[in-house]
Number of protein chains: 2
Amino acid sequence: MTLFARHGYAAVSMRQIEGEVGVQAGALYNYTTDKQSLLFDLFKRHMVDLRTALDAQPPSASPQDRLEAFARFHIRFHLERPQAVFISYMELRNLTPENFRVIEELRRRYEGVLEAILETGRDAGAFHVADTRVTALAIIAMLTGINTCYRSGVRLSLAEVEAIYWDMVRKAVT
Amino acid sequence: MTLFARHGYAAVSMRQIEGEVGVQAGALYNYTTDKQSLLFDLFKRHMVDLRTALDAQPPSASPQDRLEAFARFHIRFHLERPQAVFISYMELRNLTPENFRVIEELRRRYEGVLEAILETGRDAGAFHVADTRVTALAIIAMLTGINTCYRSGVRLSLAEVEAIYWDMVRKAVT
DNA sequence: GTCTATAGATTGATAGAC
DNA sequence: GTCTATCAATCTATAGAC
């Protein structure tokens, strides 16, 4: 994961991986069928963990509370896993077509959760959104971009950044 | 550009590029010193074009108008160049360290324009932003994510999507 | 289950004829 | 300025000894 995040899937050789995990050339194939499945397994685990952790959140009653819970959850989950997040956004095109479809479906289901929250809130008159799908994608793009904050040297605490981002999301849909 | 955007810099061979532009192996080196400079030139041109186009925008008086002009400009510029944008976000780590520094500096200067708009607006009491740097990064992340809208099959017109995104930005900083 | 050795293909880049 | 030929290195993956 570290090597893929740092240099990119295509630029990392099996020999580099072997050196990193402490076996010599060839022995790695006792643990994986090929290089592609190393990438796919990282993707799959990340997406499954994401959904599992989301479903484990305590339920909220109002659309506002559900949106806040989703936003704060998304921010924290992504800030805790910068490498896995990076790979999951950058290496999609290095998945084989069938593996890509699997991951894309998992991603759409996750986005669908936010979309459903926005729909419920809009129908209840709590949110003002022109298009729930577009708005959901915009919110997720903004929240996921939070990882670039720390890469670009912002010196705020996690709680402070979380508060800023949630505040922007709240206002953007009101 | 098409090949790098589709498969990624590291996964594209010089022979693929040669085939695409219609010369045979070897002749390409009459036009470029090496593969790295092909990538760097794409980056540099994109960043220079971005800044040139921004500076060519008609000036606006109020912070609100300046923010709207910036947001709409950013959206349109990025929607018109999905491939160059994709490369400029995905292939940063495939630049050599010295090339990376050049591009990173250009990027920071562009982000600085939005930051300055937010500062002016905040000092004038027009915007409510807790941290101009974090807010600028969040806005740019959201706006740049607009390209995923069309990849994910949203069937709205450019003007409609632009209106939705600008509306979210406007509310988020108010 | 790890090692060495290697197959077979491909890589970026260069040389030299034309 | 394009071509063919090729170098030297590297790639993923496998074979077989231990």
Side-chain angles (χ1 to χ4, degrees), chain A residues 1-48 83-104, chain B residues 1-48 83-104:
Chain A
M1 181 167 72
T2 303
L3 287 172
F4 285 167
R6 189 173 307 161
H7 306 108
Y9 172 77
V12 172
S13 73
M14 292 299 272
R15 283 179 178 78
Q16 282 177 271
I17 299 172
E18 284 154 346
E20 199 73 21
V21 301
V23 296
Q24 301 238 8
L28 201 61
Y29 287 87
N30 287 318
Y31 298 93
T32 183
T33 59
D34 54 14
K35 191 185 173 187
Q36 169 70 204
S37 77
L38 287 179
L39 182 63
F40 179 63
D41 289 348
L42 284 175
F43 262 98
K44 185 111 184 253
R45 174 174 303 187
H46 179 66
M47 296 309 293
V48 169
Q83 290 183 330
V85 169
F86 203 60
I87 292 171
S88 294
Y89 275 81
M90 306 294 247
E91 302 295 351
L92 272 167
R93 63 191 158 180
N94 283 314
L95 290 171
T96 60
E98 60 264 42
N99 285 346
F100 177 80
R101 274 191 293 274
V102 173
I103 301 302
E104 197 64 2
Chain B
M1 181 167 72
T2 303
L3 287 173
F4 285 167
R6 190 173 307 161
H7 305 108
Y9 173 77
V12 173
S13 73
M14 292 300 272
R15 283 175 179 78
Q16 282 177 270
I17 299 172
E18 285 155 346
E20 198 73 21
V21 301
V23 296
Q24 300 239 7
L28 200 61
Y29 286 87
N30 288 319
Y31 299 93
T32 183
T33 59
D34 54 14
K35 190 184 174 188
Q36 168 70 204
S37 77
L38 287 179
L39 181 64
F40 179 62
D41 289 347
L42 284 175
F43 262 98
K44 184 109 182 259
R45 173 173 304 186
H46 179 67
M47 296 308 294
V48 169
Q83 290 184 329
V85 169
F86 204 58
I87 292 171
S88 293
Y89 275 82
M90 306 294 248
E91 302 295 351
L92 272 168
R93 64 191 157 180
N94 283 315
L95 290 171
T96 60
E98 60 263 43
N99 286 346
F100 177 80
R101 275 191 293 274
V102 174
I103 301 302
E104 196 65 0

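The figures that follow rest on heavy atoms only: side chains count, while hydrogens, waters and symmetry mates do not. Throughout, protein chains are lettered first and strands after them, A, B, ... in sequence-line order, and every chain is numbered starting at 1.
Per the geometry, CG belonging to A:Leu28 stands 14 Å off C1' belonging to C:dC3, to the nearest Å. A straight line from CE of B:Met14 to P of C:dA13 spans 6 Å, rounded to a whole angstrom. Distance A:Glu18 CD to C:dC3 P: 9 Å, rounded to the nearest Å. Between the CG atom of A:Asp34 and the P atom of D:dA13 there is a distance of 5 Å, rounded to whole Å. Residue B:Ile17 contributes atom CD1, which lies 8 Å from atom P of C:dG12 at whole-angstrom precision. Counting to the nearest Å, the C1' atom of C:dT11 and the NE2 atom of B:His7 are 17 Å from each other. Distance A:Tyr31 OH to C:dC3 P: 9 Å, rounded to the nearest Å. In this structure, B:Asn30 places its CG atom 5 Å from C1' of D:dG1, rounding to the nearest Å.
When side chains are defined from C-beta on, A:Ile17 counts as touching A:Phe4, because their heavy atoms get closer than 4.5 Å. Between B:Met14 and B:Asp34, the closest side-chain pair of non-hydrogen atoms is not below 4.5 Å.
Under 4.0 angstrom from either OP1 or OP2 of D:dC11 there lies at least one side-chain N or O belonging to A:Ser13.
In this structure, of C:dG12, C:dT4, D:dC3, it is C:dG12 that holds the atom nearest to the side chain of B:Lys35. Checking D:dA13, C:dT11, C:dC3 against every side-chain atom of B:Arg15, the shortest atom distance belongs to C:dT11. Proximity note for B:Gln24 (side chain, C-beta onward) versus D:dA13, D:dC3, C:dC3: the nearest is D:dC3.
With B:Gln36 contributing its side chain and B:Asn94 its backbone, the two residues share a donor-acceptor pair below 3.5 Å.
Contact record, A:Ile87 with A:Phe43: O-CZ, 3.4 Å, taken as the closest heavy-atom pair.
Residue B:Val23 is the one, among B:Val23 and A:Val12, whose nearest nucleotide of DNA chain D lies closer to the 5' end (criterion: closest heavy atom).
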